[in-house]
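Below is one structure, written out as structure tokens; the observations come after it.
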Amino acid sequence: MQTAVKISLYSCGLVHHVFTTFYILTQIDFSRGKDQRIMDMYIYNNRYLTSWNMGLQLLYFTLALIHECMMLNKSFLTTRSSRNLYRIRGYLFTSLVAPCTLVVASFFWAFYHVDKNYMVPVGADEIIPSWINHSIHTNILFLPAVEILLPKMYTPTFWNSFLGITLFSTVYDTLFLFTYFDTGKWMYPLYDQLNWFQRIMLLAVMYTTSLICCRLIIAIQSMKTDTCEEIAKRDYKQRVASVTKKLL
């Protein structure tokens, strides 16, 4: 039952993200914007943290869906492939997906409600439908919220997660700063209003927030009982033992 629920959840998430991405790339005419920054949103779309987060969630949905479908075959539970997928999806969620999602959603909406033009160029809301904004900055919270309520998953140590978050943040921040030095434009208008000290502090706060989020998820997972995979393995072994006993 739990496997069926998860398969439905991941399938819906995958369809939602694929459709949203397809719509943004093919159905929105960014060239209609009066501000060149609006066209830049399309040109540099793969350099936004929002896009990276969508990519992480798409990867997670795909891996999780494959794993859950393969778990329908109970004999798969004891294979090395099952253990590897189980660890990869657990690490991916705890170390990257959930922290990045929280940072994207919280920081975007916090600054957007102060002044929407801190996050998007003037006139962007005339080009980009409001539902797209919610699809990439609000709906993304659904996955971490539901996953936290589901049975325990593989949980890496905080140190291992720390290494993953640090590497991810370093790569992204390097690309973010490179884009400014390469084009002379900040991807988010907010950064035009800040001095260099404030810019670095903002990036540091975002990094720290992701670490705190990761630590909380590890703490929550540690309070749960057996994982779905452990429960399924135990049930499978009991069934095998029962059949073997009857045959003997």
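No donor-acceptor distance shorter than 3.5 angstrom exists from the side chain of S106 to the backbone of V104, with no hydrogens or angles considered. Looking at D40, its side chain never comes within 3.5 Å of a backbone N or O of I43 through a donor-acceptor pair. Judged purely by atom type and a 3.5 angstrom limit, R87 has no side-chain atom pairing as donor or acceptor with the backbone of P156. Under the 3.5 Å distance criterion, the side-chain polar atoms of N45 are matched with a main-chain donor or acceptor of Y42. Judged by distance alone, with hydrogens and angles left aside, the side-chain atoms of H67 form no donor-acceptor pair with the main-chain N or O of L63 at under 3.5 Å. Under the 3.5 Å distance criterion, the side-chain polar atoms of Y188 are left unmatched by any main-chain donor or acceptor of F108. When atom types are taken as modelled, the side chain of T166 and the backbone of L163 share no donor-acceptor pair closer than 3.5 angstrom.
Hydrophobic clustering (side-chain heavy atoms under 4.5 Å, transitive across Ile, Leu, Val, Met, Phe, Trp, Tyr) keeps L211 apart from L216. V15 is not connected to L59 by any chain of hydrophobic side-chain contacts under 4.5 Å among Ile, Leu, Val, Met, Phe, Trp and Tyr, and they are in different clusters. Clustering ILVMFWY residues whenever any of their side-chain heavy atoms sit less than 4.5 angstrom apart, transitively, puts Y207 in a cluster other than the one holding W52. A continuous path of Ile, Leu, Val, Met, Phe, Trp and Tyr side chains, each step under 4.5 Å between heavy atoms, connects I7 with V18, placing both in one hydrophobic cluster. No path of Ile, Leu, Val, Met, Phe, Trp and Tyr side chains, each step under 4.5 Å between heavy atoms, connects Y112 with V122, placing them in separate hydrophobic clusters.
Across all their heavy atoms, Y44 and Y48 have their closest contact at O-CD1, 3.3 Å. In terms of heavy atoms, M206 sits closest to Y191 at SD-OH, 4.2 Å. Taking every heavy atom of both residues into account, T21 and M54 meet most closely at OG1-CE, 4.1 Å. The shortest non-hydrogen separation linking D192 to W186 is OD1-CD1, 3.2 Å. The two residues S95 and I165 come nearest to each other via the heavy atoms O-CG1, 2.8 Å. When all heavy atoms of P121 and M41 are compared, the pair lying nearest together is CD-SD, 3.4 Å.
Within 6.0 Å of CH2 on W196 lie more than 12 heavy atoms contributed by other residues, nucleotides or ligands. Heavy-atom neighbours of F181 CZ from other residues, nucleotides or ligands within 6.0 Å: above the threshold of 12. Heavy-atom neighbours of E126 CD from other residues, nucleotides or ligands within 6.0 Å: at or below the threshold of 12. No more than 12 heavy atoms of other residues, nucleotides or ligands lie within 6.0 Å of NZ in K34, so this atom counts as exposed by the packing criterion.
Looking at I128 and V120, their side chains never come closer than 4.5 Å, going by heavy atoms from C-beta outward. Side-chain contact between Q36 and K185 is present, with at least one heavy-atom pair separated by less than 4.5 Å. Between Q198 and N195, the closest side-chain pair of non-hydrogen atoms falls below 4.5 Å. For the pair L167/V171, a side-chain contact is recorded, criterion being any heavy-atom separation below 4.5 Å from C-beta on. Side-chain contact between S51 and I136: absent, with no pair of heavy atoms (C-beta onward) separated by less than 4.5 Å. Looking only at side-chain heavy atoms (C-beta outward), T20 and I132 come within less than 4.5 Å of each other.
One distance of note links CZ of F30 with CG of L25; it measures 7.5 Å at 0.5 Å rounding. Distance check, rounded to the nearest 0.5 Å: CG of L96 to CG of L56 gives 5.5 Å. Considering OG of S222 and CD1 of I217, their distance stands at 12.0 Å, rounded to 0.5 Å. Separation of atoms CE (M39) and CD1 (I127) is listed at 11.0 Å; rounding is to 0.5 Å. Interatomic distance, L9 CG to E147 CD, rounded to the nearest 0.5 Å: 6.5 Å. Rounding to the nearest 0.5 Å gives a distance of 6.5 Å between CG of L85 and CE of M70.
Pairs passing the side chain to side chain donor-acceptor pair (under 3.5 Å) check and including a residue from residues 167-183, sequence neighbours excluded, read R47-T179.
When ring centroids are compared, W131 and Y23 come within the 6.0 Å threshold. Y154 has its ring centre no less than 6.0 Å from the ring centre of F93.
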Report the C-alpha separation of F61 and L65 in whole Å, then their side-chain angles, then the decisive distance to 0.1 Å, and conclude whether the side-chain contact (heavy atoms from CB on, under 4.5 Å) test is met.
-> CA-CA 6 Å; F61 282 138; L65 185 58; 6.0 Å; no
Residues M71, E68; criterion side-chain contact (heavy atoms from CB on, under 4.5 Å); working and verdict = CA-CA 5 Å; M71 283 178 64; E68 293 297 331; 4.2 Å; yes
Using the side-chain contact (heavy atoms from CB on, under 4.5 Å) rule, take C214 and T94 through it: C-alpha gap first, then chi angles, then the decisive distance, then the call.
-> CA-CA 6 Å; C214 175; T94 304; 4.1 Å; yes
Test log, rule side-chain contact (heavy atoms from CB on, under 4.5 Å), inputs F107 and L49 | CA-CA 11 Å; F107 280 84; L49 186 58; over 6 Å; no
Per-pair distances, 0.1 Å, donor-acceptor, side chain in residues 139-146, under 3.5 Å, sequence neighbours excluded:
residue, atom, partner, partner atom, Å
N139, ND2, H16, NE2, 3.1

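Taking the six-membered ring for Trp and thresholds of 30 and 60 degrees, F162 and F158 have ring planes inclined between 30 and 60 degrees apart.
Side chains of N53 and T101: a donor-acceptor N/O pair is present below 3.5 angstrom, by distance only.
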